[in-house]
Protein chains: 2
Amino acid sequence: MAKVTIQEVARAAGVSKGTVSRVLNARDGVNTETRTSVLDVMTQLGYVPDPGARNLARRGKHVIGLSLDGDERRGNTYYGILRDALESRFSSEGYSTRIFSGYDPAMLEAESDGVILLGVHLDDSRPNQLEARGVPFVMVGHSLEHAERAPWVDVDNISGLFEAVRHLTKLGHKSIAHLTGASTGQASRQRLEGYRKGMLEAALPVNNLLVWDGEFTEVGGYRAVRRALAAKLEFSAIAAASDEMAFGAIMALEDEGFRIPWDVSVTGFDDLPSAAAFKPALSTVRQDINTIGTRAAEMLLQNMAGKKVSSALVPVKLIVRASSGAKT
Amino acid sequence: MAKVTIQEVARAAGVSKGTVSRVLNARDGVNTETRTSVLDVMTQLGYVPDPGARNLARRGKHVIGLSLDGDERRGNTYYGILRDALESRFSSEGYSTRIFSGYDPAMLEAESDGVILLGVHLDDSRPNQLEARGVPFVMVGHSLEHAERAPWVDVDNISGLFEAVRHLTKLGHKSIAHLTGASTGQASRQRLEGYRKGMLEAALPVNNLLVWDGEFTEVGGYRAVRRALAAKLEFSAIAAASDEMAFGAIMALEDEGFRIPWDVSVTGFDDLPSAAAFKPALSTVRQDINTIGTRAAEMLLQNMAGKKVSSALVPVKLIVRASSGAKT
DNA sequence: GTGAAAGCGCTAACAT
DNA sequence: ATGTTAGCGCTTTCAC
């Protein structure tokens with residue numbers, strides 16, 4: 001595993017360091033043949049560019065800022081994974097990432113070359129400010145308000161819950177509850193909309209008493225279900241807006257003697273690693289957090305390079321496991 | 001904020017780059033006067049060494065591995081903060097950090113210069129293996145089994161819970177329950193021991209029915225309290241082994257109509273950022289996660305430099321807020 | 001289109 | 001004890 005450098009690649013390919021560097025940076029002005037041959041040699045030798053050296057030669061700050069507004073840290077399995085994905089993509093490009101929690105646009109501008117905006121909400125001032133300052137940025141998550149300000153990557157929330165509800169209605173369920181998160185978040189609204197669309201499609205009424213706030217946490221889900229049970233609400237299925245709320249819901253149901261999925265079917269959203277391991281294994285809408293992170297990173301990289309990029313809606317996929325079953 | 005380099009420091013101090021580099025790396029063979037004067041110039045100019053350039057010149061891999069066994073990721077506010085602290089300390093030293101989840105000692109050895117071991121448990125094989133391979137490492141958390149293998153940093157768990165219980169007994173509480181975490185973890189055991197010592201000190205009996213497993217999560221705390229209530233257990237205070245379990249406990253209590261702290265006093269452990277914001281503000285044992293991370297990083301750095309370092313027990317501090325009050 | 005050479009900020013010999 | 005000088009791996013002029 002001896003370190004292979006650009007020099008060796010150059011020699012092996014019979015060209016100069018300069019040329020190798022050019023193909024490495026996808027700069028044009030390189031003969032197509034030379035390019036492919038160099039590329040070949042690279043993979044053959046298992047060449048991996050040294051980020052430190054690149055930064056040094058490029059002379060920049062080379063840090064990208066992760067701006068979290070408030071406590072995205074909480075409830076965080078999701079953010080942990082996302083952060084890993086961003087980090088690994090950026091670091092392989094020679095950028096280090098830094099978390100900026102206390103939101104300070106001036107600092108962001110001074111200390112980073114570009115920024116990833118996490119958890120943008122309705123009346124968020126960050127997109128405007130960043131745009132005004134001309135700092136390249138991309139948002140993870142989106143809302144109509146800010147959609148035009150900068151490119152964003154988001155998961156297809158609406159389709160996700162729509163699919164979950166359709167799955168449930170096909171199973172014969174009619175009274176389907178929805179566990180929603182904080183009302184200020186975009187994701188919650190969109191998932192709620194997906195729920196409504198799903199009910200509509202099956203010509204089922206949307207009963208507001210069956211839309212519960214689970215605060216996007218396990219306990220939140222647990223308590224919401226307890227309240228519903230205490231209020232003697234009738235339902236045979238729950239489509240939750242997150243896996244964690246679904247976990248909480250299932251615990252509450254089981255604590256009260258209900259069996260999943262025989263008495264009540266439950267679906268989640270996210271497909272966290274723990275969803276498959278849960279008892280019963282959770283039926284859920286998978287969103288590939290890694291893809292989202294990688295996409296966002298790539299978009300920002302392009303953006304910083306001055307290229308125009310367009311936003312992306314990442315598709316979701318319904319994963320059916322043991323927590324949902326036919327209405328009995 | 002123009003970038004100041006070692007060259008400029010050298011000129012301003014009237015010495016050569018070499019000398020500046022020497023003081024920068026705390027290498028000896030430098031006149032004390034020169035050293036202090038160089039140091040002065042550095043702070044005056046606001047000099048910050050460029051990590052990339054250092055790595056490049058030092059020719060090493062310069063990555064330190066964070067080994068998490070299994071899913072430390074979960075329940076994670078704690079690990080998020082810890083990781084930030086480690087990262088910032090290491091990166092200012094020119095090291096990048098990488099997470100190694102699937103534990104593979106060979107990989108760890110091949111790809112990192114040193115490793116931080118997180119969540120070491122009783123029958124953990126990592127300390128032995130790492131030691132056998134001669135990889136420098138330090139552990140965050142400790143157990144008697146591994147205490148001699150390598151330096152560790154840990155919070156004073158025993159004193160922490162001891163203080164919490166003493167606080168409660170001084171308030172007049174006699175029936176004090178303890179919410180504990182997973183029994184395999186060291187921290188849980190030590191906190192449980194602190195609880196026992198606290199009860200002992202006040203000549204109070206330890207009733208095993210009042211030691212509840214809250215799985216170190218909010219829901220876990222919530223459910224444990226519900227079970228206790230359903231079993232009609234008598235208690236006027238709860239000393240939890242984590243803030244999150246305490247949050248869950250308070251929610252369960254309030255959902256059943258109890259008022260905190262009038263009907264039941266509750267204390268936590270960690271002092272997460274959310275503890276002060278919680279309603280009611282949580283009395284808890286503060287452990288400074290940042291200090292722990294920074295200490296661990298510093299120890300590893302020393303260790304890698306071949307210096308002998310000794311383990312550290314970081315003190316804790318009881319923070320009294322609104323969730324605990326006199327027994328009525 | 002490609003090579004040669006200069007340098008990015010720093011460390012590590014080697015001198016003195 | 002300190003200065004000098006090569007590089008580290010890469011990008012970027014500037015020639016050709």
Starting from the C-alpha separation in whole Å, work towards a yes-or-no answer on salt bridge (Lys or Arg N to Asp or Glu O under 4.0 Å) for A:Arg83 and B:Glu87. CA-CA 13 Å; A:Arg83 189 176 152 189; B:Glu87 218 153 71; 3.2 Å; yes
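Side-chain atoms of B:Ile292 and B:Val140, non-hydrogen and from C-beta on, do get closer than 4.5 Å to each other. With contacts defined as side-chain heavy-atom distances shorter than 4.5 Å, the pair B:Asp288/B:Lys317 does not qualify.
Look at A:Ser16 and you won't find any side-chain N or O under 4.0 angstrom from OP1 or OP2 of C:dT2. Phosphate contact (OP1/OP2 of C:dT2, side-chain N/O of A:Thr34, threshold under 4.0 Å): present.
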When every nucleotide of nucleotides 6-16 of chain C is labelled 5' to 3' by its protein contacts under 4.0 Å (heavy atoms), B for base, S for sugar-phosphate only, - for none, what sequence of letters results? -BBBBBB----
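Counting non-hydrogen atoms of other residues, nucleotides and ligands closer than 6.0 Å to CZ of B:Arg89 gives a total above 12.
In this structure, B:Phe137 and B:Glu131 approach most closely via the heavy-atom pair CE2-N, 3.9 Å.
Counting to the nearest Å, the P atom of D:dA1 and the CG atom of B:Asn31 are 7 Å from each other.
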